[in-house]
Each structure stands twice: as C-alpha cells, then as structure tokens.
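These values consider heavy atoms only, across backbone and side chains, with no hydrogens, waters or symmetry-generated copies. First listed ligand is number 1; within each ligand, the first listed atom is number 1.
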Amino acid sequence: MRMVDIIEKKRNGKELSKEEIQFFVNGYTNGMIPDYQASAFLMAIYFQDMSDEERANLTLAMVESGDVIDLSKIDGIKVDKHSTGGVGDTTTLVLAPLIAALDIPFAKMSGRGLGHTGGTIDKLEAFDGFHVELTDEEFTEMVNRDKISVIGQSGNLTPADKKLYALRDVTATVSSIPLIASSIMSKKIAAGADAIVLDVKTGAGAFMKTEEDAAELASAMVRIGNLVGRNTMAIISDMSQPLGNAIGNSLEVQEAIDTLQGNGPADLTELVLTLGSQMVVLAGKTDSLTEARELLLSVIKDGSALAKFKQFIKNQGGNPNWVDDPSLLPQAKYEIEVLADSDGFVSEIIADNIGVAAMKLGAGRETKEDDIDLAVGLVLRKKVGDPVKKGDSLVTIFANQKEVTDVEAMIKENILIGEEVSETKLIYREIHS
Ligand code: URA
Ligand code: CA
C-alpha cells in the first residue's frame, strides 16, 4: 500500500477500505507517514467527507493506536457520559453519585485539559487530599463495592488522535464532522464503557454554535458508537448562557452539593435529570424515561445520592465532612458584586466570554503549564429572562486579588439587559441515529 494512492482515492471521492484507513492511522502514529501526506489526506477528507463505515473504521483505528481500558471486571452495564464542553458545566459531579446511588456502576476516566474552569478532576481536588492516581485493581474494587470511582487519564490513550488533532489545528481541518466525531468517539470508546450518553452543546459557549451543526455532529457520533457496538444516544442542550450559576472549581463543587440536596439551579437540575434518565435506561434499569426520572428524584429526596457523594470523596482521599460544610472548601479572599446599570430583563449572558472572565481570575488554564486557583470564579445572580432593577447584583466575583476592574468590565459587556422577557430553551432534541 502507498499513502499517495490512498490520498488520491479520497481526493476523488471514493470510499476507503478498513485496511487503507488502518494503514494511514498506524503509519502516521509511528512516524512512517510524514506530516505533508497526512495534511493532504485530512484536507481530502475535509472536502470529500467519509461514509459511516469509514468514520467507524477511522475511530477504531485510533482506538487501537493506544491503550484500551478494560472494564470487564466491573459488574453491570457501564454507561459513560460525555459533554462536548461548555461554561460552568457541573453535570458530571452531580450525575456520578446519582447514577451510583441507583446501583449502576459509574466508572469514569477523566482528564484535566484546558478551559474556563478545570476539568472534573480539578474540581474534585477542591477536597484536600482527593486523588485519582489509582491502580486498575483499586479502581475496579471501588466501583464493584460502591459503584463509583474516577481514575486519572492513561497517558497513552488514542495517541493517533493526539497527533492528528495537533496537525488539524495548523492545517485548517479541525471543523470537519467526520474528523471531530471520530476524534471524540475514539477517546470515549478507548475509555471502555458499554453505553454512552452524549451531551452535545449548542450556542455561543459551545463548539457547535447552531442547533443544526450540533445535531449533525451528534448524529455522526451516535452512528459511530452504534456501529462499533456501543449503545449510544445524544441530547442537544443549550450553551448560549452558562449552565447553572457557578463558574469556578470550588464554587461548582458547592453547586453540585446543592443540586444533590435538591436545591440546585433549575437548568442544571433539569439537564442532570434528562441525561441521567437516558443513562438509567441504557443501563437497563427500566425502559421508561419517566420511571428513570422518578428513580433519580427518589435518591435526591432520600439523601442516598448525597451519601454516595460523601463515600466517593472519602474513598479517594478527601474529607467527607466537607460535603456537609462546604465552607471548608477553598474560599476566595474577596467578593465583589457586579451591579446592573439599568432596569429591564436579562436578554443574553454570552457564555464563552463569561467563561473567559472566570479564566482571567485564575479558575481555568490557558496553557497546560498554568496553575488553577480552586477558590476563584463567578456566581451568576441573574439568568436569561430574569427581571432586574438598576443596582441589583448580576454576578458575584470571587477573587483572590482586590483589583478586578477588567473582569468586571468584561462581565458588564457580556450580560445584556433588554426591555422584554427573552425565551430560553435548555433541551433541543434527542438523537438516536
Ligand atoms: N474535541 C475533540 O476531542 N476532538 C475534536 O476534533 C474536536 C473537539
Ligand atoms: Ca455551573
């Protein structure tokens, strides 16, 4: 096989065989195929697209390029949840104990990554001593016993995707549906779950800005998942404004605890119940979404989800008493209110820019080397549609520096106040194929 022939075949719009796709992925990963041929090939895919079969084969070839996590020693159907990323998304912290409280295994591998706030692991490290450096045996044992554990990401997961993503970034080939879908799904499939619920975000704070684009990506990922034997579905949800009220690590942990106690923000609670009921159904607990939702509500109400969260924090080295007294979590030195300049209704909270404001305070990483300040962040006091009076607090800034004029200005610019109530929508669609 020669790479030049494979590039030509794709350039001419023909369908590639499994062997040809494997030849490319293996050759590029081990350095036999140079960047210039890989670049030309990616651009050919960008313009000629890929069939479902090709997408599935590309995904599997990337999965096989590195470690594949074996969850077979964990009893039951393992359902994973993946979000395409947004601002202030606290759903995993809430979903994990909820699912586990229903006796469904929640065995997640998680990373740190870049963003407005830290990843799930960074957030959990707000509990002093919490750690995810577990052996495979410890991880398996915890999930079998308590149904819940989070382990740090293996260093050698989908190396082909890492290398290709970096190349796509500099060859204007990131925004290609077959390439995005196979990139995301390769990581999910390598992580070992039997079934996957995808939360594909749409809006200003999302990777896919329009509902149509989000639905196209969701459908591509769902089809790949199902073709390779993982029961997969997707929800399209809103990320035009941040999810919930808290944006910041410690602050989001507090928000997750509130939600587990039944006192969380309405939008976060609703998204958790929507995603959670799909997970409960995929895990085979019931085939009724209504019943699944009732089960989730019952473990919030009887306190067992919160007890599960405490067990989880304790198992991984944190102090579970902090769950009862979140004031023990890292706290910022200063609280500064951002006040409304006029009367009206909040018409927009531009999620991505509000996320950048939180990052400027130190809540997230711009580069891999950055340290995160777990204490800092923002709490939204108003959401889209809420009435405001001049002088009301729009946002509380939690900072470890006294001087936050630039962050304050950025928040004011990105929370718009209009004269009429704006409609909001949280869940757009369910995608099964
Ligand atoms: N996220 C990924 O993991 N891969 C992509 O290609 C795009 C977003
Ligand atoms: Ca939040």
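- Regarding atom 1 (N) of ligand 1, its nearest protein heavy-atom neighbour is Y165 OH, 3.7 Å.
- Under the side-chain hydrogen bond (donor to acceptor under 3.5 Å, both in side chains) criterion, N12 pairs with no residue, sequence neighbours left out.
- Close approach to I184 involves these atoms of ligand 1, each under 4.0 Å from a residue heavy atom: 1 (N), 2 (C), 3 (O), 4 (N).
- Here the protein heavy atom with the shortest distance to atom 4 (N) of ligand 1 is S183 OG, 2.6 Å.
- A donor-acceptor pair is defined here as one N or O able to donate and one able to accept, closer than 3.5 Å; no such pair exists between the side chain of E291 and the backbone of T286.
- Remark: K10 fails to qualify as a cation-pi partner of F41 under the 6.0 Å distance and 45° angle criteria applied to the six-membered ring.
- Checked against side chain to side chain contact (heavy atoms under 4.5 Å, CB included), Q331 has the following partners two or more places apart in sequence or in another chain: Q254, L329.
- The closest heavy-atom contact to atom 6 (O) of ligand 1, among the options R168, M185, K187, M208, comes from R168.
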